[in-house]
Engineer: 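Shown below is the structure under consideration.
Side chains included, hydrogens not; waters and symmetry mates left out as well; all remaining heavy atoms used. Letters A, B, ... are given to chains in the order of the sequence lines, protein chains preceding strands, and every chain is numbered from 1.
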There are 2 protein chains.
Amino acid sequence: MPSVTRKAQNSRAARRDELRNQLLEVVERLIDEGESFTEISVERIVAEAHISRTTFYVYFADKGDMLSAWFADIAAEVAAGVSGWWEMGPQSTREDLRTAIESAVNAYRPHIALMAASFHAAAYDPTVHELTDAFMASNVASLCKHVIAGQKAGFVDPSLPAADVAVWLLWMAERGFHVMMRDVDDAELQRQIDAYTAIVWNTLYAPTHRT
Amino acid sequence: MPSVTRKAQNSRAARRDELRNQLLEVVERLIDEGESFTEISVERIVAEAHISRTTFYVYFADKGDMLSAWFADIAAEVAAGVSGWWEMGPQSTREDLRTAIESAVNAYRPHIALMAASFHAAAYDPTVHELTDAFMASNVASLCKHVIAGQKAGFVDPSLPAADVAVWLLWMAERGFHVMMRDVDDAELQRQIDAYTAIVWNTLYAPTHRT
DNA sequence: CAATGTCCGGACATGCCGTCTGTAACTCGC
DNA sequence: GCGAGTTACAGACGGCATGTCCGGACATTG
């Protein structure tokens, strides 16, 4: 009875997604209350979510698996948010850059706590590590491509080592988002965006925009 | 008998230092072998160091305490390594900046594994968090002061928000050191230093050095 | 009804933690 | 050398969290 099996699998996957969201909501709240992902036990999570620990292990191999199940979705969202950056061209202004960065921040920000948790867990969980790595690699590749194109088109400092600078700028963003954009009001957030924009602008574009 | 007590305390402190170094050597090796600090148990550490777990707890409250006992020393070393940067003046060249950064890297590099472990542990260990925080805050303060002085003296882009940019540039360094300078050969290391130098130079100094 | 899938409570072995024994050794001052 | 103080140890503890397993309760479906 293949149809039965198929249906079961579908509902299983759906249920997994449902649980995943429900559990991450709990985790997010706990993190916001000042705890760290590593310190939050599975027992704690399932208790707060009112499901049994057994059920948790039916759907997830462990905490990292739960995080991983969620990461791909959000990575895509963020990637879409950043994409404006890659469209910078010779005519683009510093305002355009700021807008692109702001949209990336806006995509990132609702999930800062869990993103930070993911990057933290990446240090000891191989599965999570692969995901964060792929996420960074993909964005680095995009930025690198953009930088090289910009150098060819003459609106990015041609003396820069494109690949290396791309890596540095994006890891800076990752770290900065987690460290500086947690628990900040909107004014502070705007200032942080300004600062990051200033660094990126000066690094990449300013040298070719001298008046 | 105060003299006895005093002597005991001295030897205790000395022994603590001795153990600390011995244990961190083990930890460093284990990390180099691909394990993560969080995952390394006290049992593991003491076994490899050929001391008993009991003895460990005589001298340290826990793993974090051991890391903390070591962090202050190394923070001072690194701070000394970076100090060349703050001496950049109106006449300083890009080469000077690179030299300063290289010396910071050289101070940092021998301890990258443990520094990374410290920053990682900071996420869940309040004691370690305080130390890493103070370390970053102190360097940020120095850089911030340098930027402001440079803006007054006219060799740093005056449009930059000094405090914010200082924070971003230094967290970028912290992250970059851990992510990009682990397990790299010397050629790769030089390239990373070049990239970081390029970003810092373009951000801070280049706008006022236009030819 | 019977089979299937879902959830649960309860229990298990395992591993690590931090603490607390008692014991053996070593180093002093006397 | 004797005894007091210190240091190291092995061994055991209670506690907590992990990941796994089972059996029973319940609803859904054929």
Engineer: Using modelled atom types only, decide if a donor and an acceptor are shared between the side chain of Asn139(A) and the backbone of Met136(A) within a distance under 3.5 Å.
Structural biologist: no

Engineer: Atom CD of Gln22(A) to atom C1' of dT6(C): distance rounded to whole Å?
Structural biologist: 14 Å

Engineer: Under the rule for side-chain hydrogen bond (donor to acceptor under 3.5 Å, both in side chains), what residues qualify as partners of Asp194(A), not counting sequence neighbours?
Structural biologist: Arg98(A)

Engineer: Tell me which residues in residues 38-57 of chain B put a heavy atom below 4.0 Å from DNA chain D, sorted by number, or none.
Structural biologist: His50(B), Ile51(B), Ser52(B), Arg53(B), Thr54(B), Thr55(B)

Engineer: Which donor-acceptor pairs under 3.5 Å do the side chains of residues 81-88 of chain A make with protein atoms, sequence neighbours left out?
Structural biologist:
unit_1	atom_1	unit_2	atom_2	d
Ser83(A)	OG	Ala80(A)	O	2.7
Trp85(A)	NE1	Tyr205(A)	OH	3.0

Engineer: Given dC7(C), is OP1 or OP2 found less than 4.0 Å from the side-chain N or O atoms of Arg15(A)?
Structural biologist: yes

Engineer: Is a donor on one side and an acceptor on the other found under 3.5 Å between the side chain of Thr55(B) and the backbone of Ile51(B)?
Structural biologist: no

Engineer: For residues 12-35 of chain A, which residue pairs pass the ring-ring contact (aromatic ring centres under 6.0 Å, His included) check, not counting sequence neighbours?
Structural biologist: none

Engineer: Remember a base hit wins even if backbone is also touched, and classify Tyr59(A) as base, sugar-phosphate or nothing at under 4.0 Å, heavy atoms.
Structural biologist: sugar-phosphate

Engineer: List for me each residue that meets salt bridge (charged side-chain N to carboxylate O under 4.0 Å, His left out) alongside Glu48(B), sequence neighbours excluded, and say none if there are none.
Structural biologist: Arg29(B), Arg44(B)

Engineer: Suppose the criterion is side chain to side chain donor-acceptor pair (under 3.5 Å): which pairs have a residue in residues 164-183 of chain B, not counting sequence neighbours?
Structural biologist: Glu174(A)-Arg175(B), Arg175(A)-Glu174(B), Arg191(A)-Asp164(B), Gln192(A)-Trp168(B), Tyr108(B)-His178(B), Glu174(B)-His178(B)

Engineer: Check the distance between dC8(C)'s P and Leu19(A)'s CG and give it to me in whole angstrom.
Structural biologist: 9 Å

Engineer: Restricting to pairs with a member in residues 59-80 of chain A, which pass salt bridge (charged side-chain N to carboxylate O under 4.0 Å, His left out), not counting sequence neighbours?
Structural biologist: Arg16(A)-Asp65(A), Arg20(A)-Asp73(A)

Engineer: Using whole Å, report how far CZ of Phe60(B) lies from P of dT7(D).
Structural biologist: 14 Å

Engineer: Can you list everything that forms a ring pair (Phe, Tyr, Trp, His ring centres under 6.0 Å) with Phe56(A)? Sequence neighbours excluded, please.
Structural biologist: Phe60(A)

Engineer: Please work out which residues in residues 23-37 of chain B have a non-hydrogen atom less than 4.0 Å from an atom of DNA chain D and list them by number.
Structural biologist: none

Engineer: My understanding is that only residues two or more places apart in sequence, or in another chain, count here; which of them pass ring pair (Phe, Tyr, Trp, His ring centres under 6.0 Å) with His120(A)?
Structural biologist: His120(B)

Engineer: Is there any protein nitrogen or oxygen under 3.5 Å from a nitrogen or oxygen in nucleotides 23-26 of chain C, and what are the pairs?
Structural biologist:
none

Engineer: Test of understanding: with ring pair (Phe, Tyr, Trp, His ring centres under 6.0 Å), list the residues that count as partners of Tyr59(A), not counting sequence neighbours.
Structural biologist: none

